[in-house]
Structure formats: C-alpha cells, structure tokens
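Okay, so here's the structure we're looking at.
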Number of protein chains: 2
Amino acid sequence: MKIGELSKTSGCSIQTIRYYEKEGLLADPERSEGNFRLYSNKAMKELEFIKHCRSLDIPLANIKRLIELKNKPEESCLSVNILIEQQLTLVNKRMKELKALKKELQQMASTCGSGSTIETCGIIKSLDS
Amino acid sequence: MKIGELSKTSGCSIQTIRYYEKEGLLADPERSEGNFRLYSNKAMKELEFIKHCRSLDIPLANIKRLIELKNKPEESCLSVNILIEQQLTLVNKRMKELKALKKELQQMASTCGSGSTIETCGIIKSLDS
DNA sequence: CTTGACTCTATAGTTACTATATGTTTTATA
DNA sequence: TATAAAACATATAGTAACTATAGAGTCAAG
C-alpha cells in the first residue's frame, strides 16, 4: 500500500510516518518505479507498535530502544521492564504535579468573585503573591 | 540590580529573563552606560508574577494576556476568570489521560514476569496488541 | 492530453526554554 | 596601572515530536 492508505488505516498523518522513517523508527520502505513508498502489512504492524507506545507517552528514543529489544527475542526482558517502570515513575510524578496545579487553580477560580473588576479580582491577587 | 542578581533572587536563568523580554512579557529594562540591563523592584515583581503563572503551566501567550489585563484595573475580570477556567479544564483533561496511562503501564509492568526473555515478555506482547 | 489527486523532498514553524560562540564591560588582583 | 577573571551583551542553534508549506514529480481517469 502507499503512504496515503497507511496513513488512513493507521491514523498517523503522512508527515508523521515520514518523520518516523527519518528518525529510524520505521524501516525504509520499498519504492515504486515512480519513487512512491510501498508498505507491507509488517510495516503497518510496526507503525501500530509505535502508535501504541506513543499513546503511553513513551518518548521516541525509548520506542527506538524497545524496537531494538523486540528484535532480540532471546535476550533478557529486564531492560524492557526498567523502561516501563521509568515511564510509570514519570507519569506518577506528573500526576502529583497536576494535582497540585488543580488545587491551586480551583482555589483561584473560587476567589474571582466574577462580575467585579480586575482591580478587585481575587485571581490576579493570588497570582501576584 | 543587574541581570545576574535578578536571576539569582528570582530563580529564573539569565537566558530565560532575556527570553521573556524578547517575547514582550517583561518590559525593556533601563540600561547602564555600558549597555547592561538594570532592573527595579517592580521588574522583579513582574518576573515573580510570570514565574507563578508558569508554575501553574499557563502558557506564555496567556500570561501575556493576563499582564495586559492586570494593567486595566477598571475592566471586568471576566476574561481573567475564563482564562483560569480554561487552564483548569486543560489540567483536568491531562489528569484523566495520565490516569489511563498509569493503569495501562501498571498492568503491563505486572505481566513482565521478569527474569524471562524478551520473546516471552508480557510487556512486549501487550505493546504489540 | 490534460486535470486532479497523490506523492516526493526540503525547509520552516511550534513551545519554552537551554546552550553555545563571540565580543564587550566591569571588577578584582598583582 | 596593567591585566585577568567575571559578568554581561547579541546572535544563533538545539531540544521533542510533530505540523505546515513550497515547489516539483507521478499516476489514473476522462
């Protein structure tokens, strides 16, 4: 299939597919006589793998490592596990931060006293302190 | 004070301060005879305001709007409120996403069965599906 | 044989900074 | 006073993961 079809069935934009190729996450595909990229079902699966990893917010560099590991089936899966644990740690950290953000933003919003002027607005006041 | 001192007392890097100036978030400061930036306490407070907003993950463009609003004390604070509510919506959305991420990552980690090979690793399997 | 859809490469823009190169000014020391 | 070190100046490039655009080539249908 050509890149347009791959794009539609995968849900990745054409530019993104080409970008993944440039970054070495997708193998260079075969080319048609007229230099169009031609993809196999295998390429499609590789793209799905990347998509799934991205949906977990795993950075491209780590996805690259996962793909390399995937191609060494006999090796220990310890590094895979470490990578996922690291991702989990990151997510937990960010969640904590967001919880704090949420709390402060909610407090601020509640002090606005809408309908009044900026001069007396509780939000601006709390941002100022 | 010069930029180094402002940087130290505010906790913003020198480059960041200059960047905020370039982006129009900080007013162009006075200059010494030798062209060094000279800051007042007012500038310091403006920087603190920006810092506080950034700690709430408010994007620079919106901070710029907040600063403009701040300088119109007699206007309605409605737009301030909308801006903060939008930020809150964003944070809530991201939190939901992170919760889902966390769940899936945890499930994946638990299927690893560490000590085994990549071939049999539950993590890679779940990423493949 | 031409039109339109699709594809190609290369390049610039996005966000909020950080890092680097190169040059000038000020401050401290010899 | 000479000089060396520290602080400052501007301009430019790099970061992550794309998205958007420009300008040109390819292909199928009418």
Side-chain angles (χ1 to χ4, degrees), chain A residues 1-26 28-39 43 46-67 83 86-87 90-91 93-94 97 101, chain B residues 1-26 28-39 43 46-67 83 86-87 90-91 93-94 97 101:
Chain A
M1 74 185 94
K2 281 183 288 181
I3 200 168
E5 197 185 335
L6 181 63
S7 170
K8 258 175 210 151
T9 50
S10 71
C12 284
S13 80
I14 290 178
Q15 295 101 306
T16 300
I17 295 170
R18 291 200 277 241
Y19 174 70
Y20 287 162
E21 178 186 327
K22 195 165 71 102
E23 295 299 306
L25 285 139
L26 281 175
D28 289 7
E30 295 189 31
R31 297 291 183 127
S32 73
E33 223 172 295
N35 201 33
F36 285 11
R37 287 173 177 80
L38 295 178
Y39 293 99
E46 282 163 5
L47 184 53
E48 298 283 358
F49 182 85
I50 295 170
K51 250 198 104 186
H52 194 175
C53 289
R54 285 299 296 138
S55 78
L56 296 169
D57 258 8
I58 299 172
L60 292 190
N62 285 353
I63 299 178
K64 213 170 163 181
R65 291 202 49 218
L66 282 175
I67 292 172
L83 214 148
Q86 279 174 351
Q87 190 63 24
L90 259 180
V91 168
K93 186 165 161 261
R94 187 66 187 140
E97 287 169 8
L101 285 196
Chain B
M1 73 184 99
K2 282 184 287 180
I3 199 167
E5 197 186 336
L6 181 62
S7 168
K8 259 176 209 149
T9 49
S10 70
C12 286
S13 79
I14 290 177
Q15 294 102 304
T16 299
I17 295 170
R18 290 200 278 241
Y19 174 69
Y20 287 162
E21 179 186 327
K22 196 165 70 102
E23 295 299 307
L25 286 140
L26 281 176
D28 289 9
E30 294 190 31
R31 298 291 184 127
S32 73
E33 220 172 298
N35 200 33
F36 285 14
R37 288 172 177 81
L38 295 178
Y39 294 98
E46 284 163 4
L47 184 53
E48 298 283 0
F49 181 85
I50 297 170
K51 251 197 104 186
H52 194 175
C53 290
R54 285 297 299 138
S55 78
L56 296 169
D57 257 9
I58 299 173
L60 293 191
N62 286 352
I63 299 177
K64 212 171 164 180
R65 292 202 49 217
L66 283 174
I67 292 171
L83 216 149
Q86 279 173 351
Q87 189 65 23
L90 259 180
V91 167
K93 185 165 161 260
R94 188 65 188 141
E97 286 169 9
L101 285 196

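- Applying the side-chain hydrogen bond (donor to acceptor under 3.5 Å, both in side chains) definition to pairs two or more places apart or across chains, those involving residues 10-19 of chain B are B:S13-B:T16.
- A straight line from OH of A:Y39 to C1' of C:dC8 spans 12 Å, rounded to a whole angstrom.
- Within the helix from C:dC1-D:dG30 to C:dA30-D:dT1, the inter-axis angle between the opening and closing five-pair segments is 30°, rounded to 10°.
- For the salt bridge (charged side-chain N to carboxylate O under 4.0 Å, His left out) condition, the pairs that include at least one residue of residues 46-63 of chain B, sequence neighbours left out, are A:R94-B:D57, B:K42-B:E46.
- Residue B:R37 places at least one side-chain N or O under 4.0 Å from the OP1 or OP2 atom of D:dA9.
- Toward the 5' end of DNA chain C, the nearer of the two residues B:I58 and A:I3, judged by each one's closest nucleotide, is A:I3.
- For the segment residues 10-21 of chain B, residues with any heavy atom less than 4.0 angstrom from an atom of DNA chain C are, sorted by number, B:S13, B:Q15, B:T16, B:Y19, B:Y20.
- Minimum heavy-atom separation, A:P29 to A:L38: CB-O, 3.5 Å.
- Atom C1' of nucleotide D:dC18 and atom CG of A:L25 are separated by 13 Å, given to the nearest angstrom.
- Each of A:K8, A:M1, A:K2 was compared with A:E5 under the side chain to side chain contact (heavy atoms under 4.5 Å, CB included) criterion, and only A:M1 meets it.
- Here C:dT14 presents its C1' atom at 15 Å from CG of B:N62, a figure rounded to the nearest Å.
- Residue A:R54 has its side chain nearest to D:dC18 when only D:dC18, D:dC8, C:dA16 are considered.
- Straight-line distance from the CD atom of B:E5 to the C1' atom of D:dC8: 14 Å, rounded to whole Å.
- Atom NZ of B:K22 and atom C1' of C:dA16 are 11 Å apart (whole Å).
- In this structure, B:L60 atom CG and C:dG13 atom C1' are separated by 16 Å, rounded to whole Å.
- Considering only heavy atoms from C-beta on, B:I17 comes within 4.5 Å of B:Y39 through its side chain.
- Residues A:L26 and A:A43 share a closest heavy-atom pair of CD2-O, 4.1 Å.
- In this structure, B:R31 atom CZ and C:dT25 atom C1' are separated by 13 Å, rounded to whole Å.
- When all heavy atoms are compared, the tightest approach of A:L101 to B:S55 is CD2-O, 2.9 Å.
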Could you pull out the protein-nucleic contacts involving nucleotides 23-30 of chain D (nitrogen or oxygen on both sides, under 3.5 Å)?
| from | atom 1 | to | atom 2 | distance (Å) |
| --- | --- | --- | --- | --- |
| D:dC27 | OP1 | A:G34 | N | 3.3 |

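- Rounding to whole angstrom units, CG of residue B:L38 and C1' of C:dT25 are separated by 13 Å.
- The side chain to side chain donor-acceptor pair (under 3.5 Å) test applied to A:E21 returns A:R37, not counting sequence neighbours.
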